[in-house]
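To start, the structure under review is shown below, and the notes come after it.
So that the names make sense, note that chain A is the first sequence line, chain B the second, and so on, each numbered from 1.
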Amino acid sequence: TQLLEQSPQFLSIQEGENLTVYCNSSSVFSSLQWYRQEPGEGPVLLVTVVTGGEVKKLKRLTFQFGDARKDSSLHITAAQPGDTGLYLCAGGAPDSNYQLIWGAGTKLIIKP
Amino acid sequence: DTAVSQTPKYLVTQMGNDKSIKCEQNLGHDTMYWYKQDSKKFLKIMFSYNNKELIINETVPNRFSPKSPDKAHLNLHINSLELGDSAVYFCASSAALFGVLKTQYFGPGTRLLVL
């Protein structure tokens, strides 16, 4: 069974600080997605990375896919209270045509 | 316009009852899913339908029965509800099953509480 482990599970920091959260696996993924889930809502896609070593930027968010396509990171610069939420990574397994493999998420709280 | 909608948003019921949750998507997608998110926020896939055909049926009690009357709808019926069924149930859809087109769009969730 392929697993995606996310760390840390929980992070609470002050507004303006930088942070990085991680999504790791011992297995290779064909693609990896990051979603953000706000309280009372469903997850919303932030980005998809497909190439080993790929870096994508979304305003203050920087996403990186590991060279070996086994891990990914999300870095937030100058965090704002609006970044608060549950960040989920989901991987597309090369040998699984049908479904995404989901991590358990990092709960992020940005205090004003 | 809501892309993926679910009803009801909240559902409180007694153990042993039968209940249904409805899901509709107006994105023109071929694939729809049901997920269960437990109290620890872990998303677990339950079912996936592609063009009204069941594709994924994870280890879920047979008290849970999905039904897809057409590509835009995927309903979930639960028989003989148990305390452990309490969770948030999310419906999602994607354009296709494969590759990056499997990007999933989620509904707002149905919060089920079994007393």
According to a hydrophobic-cluster definition based on side-chain heavy atoms being under 4.5 Å apart (Ile, Leu, Val, Met, Phe, Trp, Tyr only), do [X] and [Y] belong together?
X	Y	answer
A:Phe65	A:Val21	yes
B:Met32	A:Leu45	no
A:Leu86	B:Tyr89	no
B:Leu113	B:Phe64	no
B:Tyr49	B:Val4	no

Do you know which of B:Leu43, B:Val88, B:Thr31 has the most heavy-atom pairs with chain A at a distance under 4.5 angstrom?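 Ranked by heavy-atom pairs under 4.5 Å with chain A, first place is B:Leu43.
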In terms of heavy-atom proximity below 4.5 Å to chain A, should [X] be classed as side chain, backbone, both, or neither?
X	answer
B:Gln37	side chain
B:Lys44	neither
B:Tyr105	neither

Just wondering, do A:Tyr35 and B:Gln104 contact through their side chains at under 4.5 Å, heavy atoms?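 Side chain of B:Gln104 against side chain of A:Tyr35, heavy atoms only: contact under 4.5 Å found.
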Does atom CD of A:Glu17 have more than 12 heavy-atom neighbours from other groups under 6.0 Å away?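 Check passes, neighbour count above 12.
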Kindly check if the number of other-residue, nucleotide or ligand heavy atoms within 6.0 Å of CD (A:Glu5) is above 12? no
Max heavy-atom pair count under 4.5 Å with chain B, selected residue of A:Ala90, A:Gly105, A:Ala104, A:Gly103: A:Ala104
With a 4.5 angstrom heavy-atom cut-off, could you sort out which part of A:Gln37 is near chain B: side chain, backbone, both or neither? side chain
Rounded to the nearest 0.5 Å, how far does CZ of B:Phe106 lie from CD of A:Glu41? 13.0 Å
Between CZ of B:Phe42 and CD of A:Gln6, what distance do you get to the nearest 0.5 Å? 9.5 Å
